[in-house]
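Here is the naming used below: chain letters follow the sequence lines, and residue numbers restart at 1 for every chain.
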Number of protein chains: 2
Amino acid sequence: MTGVKQRKDAISIAGLALHLGLSEGTISRALNNYPDIAEKTRKRVRDAANELGYQPSSTARRLARGVVETVGFVLPSRRDHLSDPFLSEILDGLAAELAMSGWDLLLAAVPDGQDEVEVMDRLVRSGKIGAFAVTRVKRSDPRVDYLRTAGVPFVVHGRTSKHSDYSWLDVDNEKAFVDAVNFLIGLGHKNIALLGGDLKMNFAWQRREGFQKAMSDAGLETPPDYIVDGISDGMGALEAMATLLALPSRPTAVVCVTDAVAIGAIHAIQKAGLKAGHDVSVVGYDGLPMGRATEPALTTMSQASYEAGREVARMLLEAVRQKNIKSLNKEIPQILWEAKLTLRASANPPVSNPANKSHREETKK
Amino acid sequence: MTGVKQRKDAISIAGLALHLGLSEGTISRALNNYPDIAEKTRKRVRDAANELGYQPSSTARRLARGVVETVGFVLPSRRDHLSDPFLSEILDGLAAELAMSGWDLLLAAVPDGQDEVEVMDRLVRSGKIGAFAVTRVKRSDPRVDYLRTAGVPFVVHGRTSKHSDYSWLDVDNEKAFVDAVNFLIGLGHKNIALLGGDLKMNFAWQRREGFQKAMSDAGLETPPDYIVDGISDGMGALEAMATLLALPSRPTAVVCVTDAVAIGAIHAIQKAGLKAGHDVSVVGYDGLPMGRATEPALTTMSQASYEAGREVARMLLEAVRQKNIKSLNKEIPQILWEAKLTLRASANPPVSNPANKSHREETKK
DNA sequence: TTGACATCCGAAAGCGCTTTCGGTAGCGTG
DNA sequence: CACGCTACCGAAAGCGCTTTCGGATGTCAA
């Protein structure tokens with residue numbers, strides 16, 4: 001529990017004051033650009049600070065100001081272990097954008113026997129964080145419920161099923177899957193299946209909705225067998241796809257909730273002695289780098305995780321600003337991005353269909 | 001730059017003191033288990049603290065104690081973007097173990113135009129962190145050079161080429177690849193190639209060393225063409241493997257620096273009309289979940305990233321303790337773990353070889 | 001009963017900053 | 001020359017906690 005003593009050689013504001021023959025207050029105001037400091041002393045102070053490598057103690061500053069410039073991020077509990085391939089990218093984006101405003105990113109894990117909300121509450125009450133970023137939300141998510149009443153600014157990457165009164169950034173998953181299905185329909189497919197994810201996760205739900213909407217809008221029938229939910233990794237995809245292929249009338253195309261699932265599907269197809277992109281077309285979602293290296297290369301929808309992280313950070317900082325101003329015009333930014341469809345070799349017209357144009361890699365919309 | 005005001009309703013130690021009719025000092029000592037507090041008042045204080053949800057301000061505590069119970073982690077710069085599939089697992093392990101001792105994990109990104117060392121130095125000087133964890137080290141790594149002179153406790157996951165005087169946890173990459181090659185040799189392979197990684201990264205170097213050692217120990221020739229370095233993703237693997245397959249005498253087996261590379265290789269083999277695990281055996285490294293879902297399933301070496309994160313955290317806390325005690329017996333823990341070889345379908349005896357036993361999934365050593 | 005000791009708690013001085021308030025010097029104006 | 005102003009800086013009071021020091025009790029033996 002005992003930490004590390006601050007470095008002895010680190011110069012404090014008192015040292016600087018002594019060195020310059022000024023008072024600590026003056027130093028502080030000079031460095032913080034108060035208007036009542038003469039320009040030349042301000043410069044003098046700044047130069048000395050640079051030269052001596054003075055860096056104000058963020059702890060003391062926090063205490064004096066009563067503010068915390070730190071956003072908290074609670075890692076998804078290991079129990080529901082759907083490894084997010086983009087978690088580190090999002091974190092990277094978050095940290096990068098926050099750093100530009102002098103903010104920090106605090107990462108917390110959930111110890112066994114506790115839940116996310118307990119962890120978040122402790123972080124808030126101990127004053128360690130002043131805002132939260134949340135990702136991978138469920139349709140109904142206790143973290144969001146907590147935050148909505150906690151009085152801490154927060155922004156959600158993704159959104160819950162009810163989502164009118166808080167700030168979020170999400171990708172239009174429904175539209176993405178409408179687009180994906182329509183793309184396949186445009187190629188001539190009619191028998192399209194879905195390898196869907198855990199329906200507690202809202203993104204999986206939304207994608208499924210998109211799938212069904214596009215199918216019914218096109219007047220296409222979807223046998224129940226064609227919709228498989230709850231697939232979270234390549235392994236599950238392998239089995240589910242094998243089942244699909246064993247169906248009396250097997251689908252000519254399958255859209256997958258993630259690239260990991262799609263890659264599993266591709267391997268299942270090959271294992272069955274068929275050819276992905278020929279006998280069965282495959283479309284994924286994520287834009288995983290590995291999707292470019294599969295055989296056939298994976299047609300997929302992609303979202304920019306790093307950029308999303310940055311945007312969430314910006315929204316967070318704005319939310320904090322709003323809160324401090326206590327402005328009455330409650331702005332609740334909610335941003336919806338669109339996923340881009342990346343065409344590669346894994347999706348082509350069905351073999352029975354004569355319109356057999358080949359598709360090279362290109363990015364549409 | 002302005003942060004979030006601490007919650008108004010959060011009770012402070014002064015409030016608790018008032019509530020209990022005790023002095024702040026007594027409260028503090030009671031909560032921190034000083035021996036000079038009567039057991040029954042200690043209990044009284046504790047109960048009241050729980051009831052009122054008192055949580056000491058970590059900022060004030062830090063300032064008073066002059067310590068920071070926070071370890072810093074600087075995300076690898078986005079420029080050399082070798083996405084580490086295990087980064088989030090390591091962070092998870094770090095955060096989880098640190099939390100058990102009341103420590104925090106601070107994540108920092110490297111803004112454009114700055115380097116890692118600058119970021120680290122600022123974190124140290126501003127007193128935001130009291131220790132560092134570092135991963136993905138290069139053979140010669142400026143971060144380690146900096147830390148060795150900075151006086152901040154740190155632990156490295158991995159190690160540099162010279163590594164006698166600091167604390168690290170690494171996997172025996174060399175032995176892992178010796179094992180992998182020997183395994184293939186045991187199957188009857190003689191023409192074994194290496195798809196290696198960026199040699200600036202020490203793990204890639206070590207694995208290459210292991211490959212060469214095992215080959216030469218077995219008296220096997222390795223034509224220069226058989227060793228390809230600098231492959232960092234599936235895409236690079238795809239091309240490199242294609243080149244290998246086009247060789248006049250193509251290898252019967254290939255070991256890959258990572259699973260991502262191995263999966264790329266599998267696809268290249270299939271693309272060439274050959275059968276991975278039959279015409280060419282493939283061995284990877286990482287134990288990626290997806291390796292179980294490929295066709296054929298990937299034989300690979302695995303390491304436990306989450307556990308590594310926890311162990312690094314433990315070492316870190318121990319290093320801090322050592323430093324505070326100023327003990328003279330300089331303990332520098334250096335831990336070497338072994339990777340486990342997971343046998344799956346992608347590695348089998350060469351086709352020419354009569355000893356053609358099939359290999360089901362199982363874990364050896 | 002008195003002194004010597006523990007036992008337990010309050011007082012107060014910080015930790016390194018910020019920020020308000022007031023005071024001094026310098027300036028221009030009448 | 002006195003007045004009022006502005007421009008600039010120092011003094012000092014915190015922020016919420018920790019920790020040392022000493023003082024007030026109570027206890028026990030002599």
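By the 4.5 Å heavy-atom criterion applied to side chains, B/Leu87 and B/Phe73 are counted as neighbours. Within the 4.5 Å cutoff, no side-chain heavy atoms of A/Tyr306 are placed close to those of A/Ile90.
A residue-by-residue look at A/Ile27 and A/Asp36 shows that A/Ile27 has its nearest nucleotide of DNA chain C further toward the 5' end. In terms of position along DNA chain C, the nucleotide closest to B/Ala64 lies nearer the 5' end than the nucleotide closest to the other residue of the pair B/Ala64 and A/Gly25.
Only A/Ser12, A/Ile13, listed by number, bring a heavy atom of residues 12-23 of chain A to less than 4.0 angstrom from any atom of DNA chain C. For the segment residues 37-48 of chain B, the set of residues with a heavy atom within less than 4.0 Å of an atom of DNA chain C comprises B/Ile37, B/Ala38, B/Thr41, in numerical order.
A/Ser12 and A/Tyr54 are not linked by any side-chain donor-acceptor pair at a separation below 3.5 angstrom, with hydrogens and angles left out of the test.
Using a distance-only test at 3.5 Å, with no hydrogens or angles considered, no donor-acceptor pair links the side chain of B/Arg143 to the main chain of B/Val117. Within the 3.5 Å criterion, the main-chain N or O of B/Arg44 finds no donor-acceptor partner in the side chain of B/Thr41. Although no hydrogens or angles enter the test, the distance criterion places no donor-acceptor pair under 3.5 Å between the side chain of A/Ser126 and the main chain of B/Gln55. Panel note: side chain B/Gln114, backbone B/Pro111; no donor-acceptor pair is recorded below 3.5 Å.
In this view, A/Arg46 satisfies the salt bridge (charged side-chain N to carboxylate O under 4.0 Å, His left out) rule with no residue, not counting sequence neighbours. Contacts of A/Thr70 classified as side-chain contact (heavy atoms from CB on, under 4.5 Å), with partners at least two apart in sequence or in another chain: A/Arg62, A/Asp104, A/Leu106, A/Ile129.
Annotation for B/Leu123 and B/Ala108: closest pair CD1-CB, 3.9 Å, computed over non-hydrogen atoms. Closest of all the heavy-atom pairs between A/Glu24 and A/Ala14 is OE2-CB, 3.7 Å.
Nucleotides of DNA chain D lying under 4.0 Å from heavy atoms of chain B occupy a range whose first and last members, 5' to 3', are D/dG16 to D/dT20.
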Please determine whether side-chain hydrogen bond (donor to acceptor under 3.5 Å, both in side chains) holds for the pair B/Tyr34 and B/Ser28, giving the CA-CA distance in whole Å, both sets of side-chain angles, and the decisive distance to 0.1 Å.
CA-CA 9 Å; B/Tyr34 275 57; B/Ser28 172; over 6 Å; no

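Taking the six-membered ring wherever Trp is involved, the centroid distance between the rings of A/Trp168 and A/His163 falls below 6.0 Å.
With axes fitted over five pairs at each extremity, the angle between the ends of the helix from C/dT1-D/dA30 to C/dG30-D/dC1 is 60° (10° resolution).
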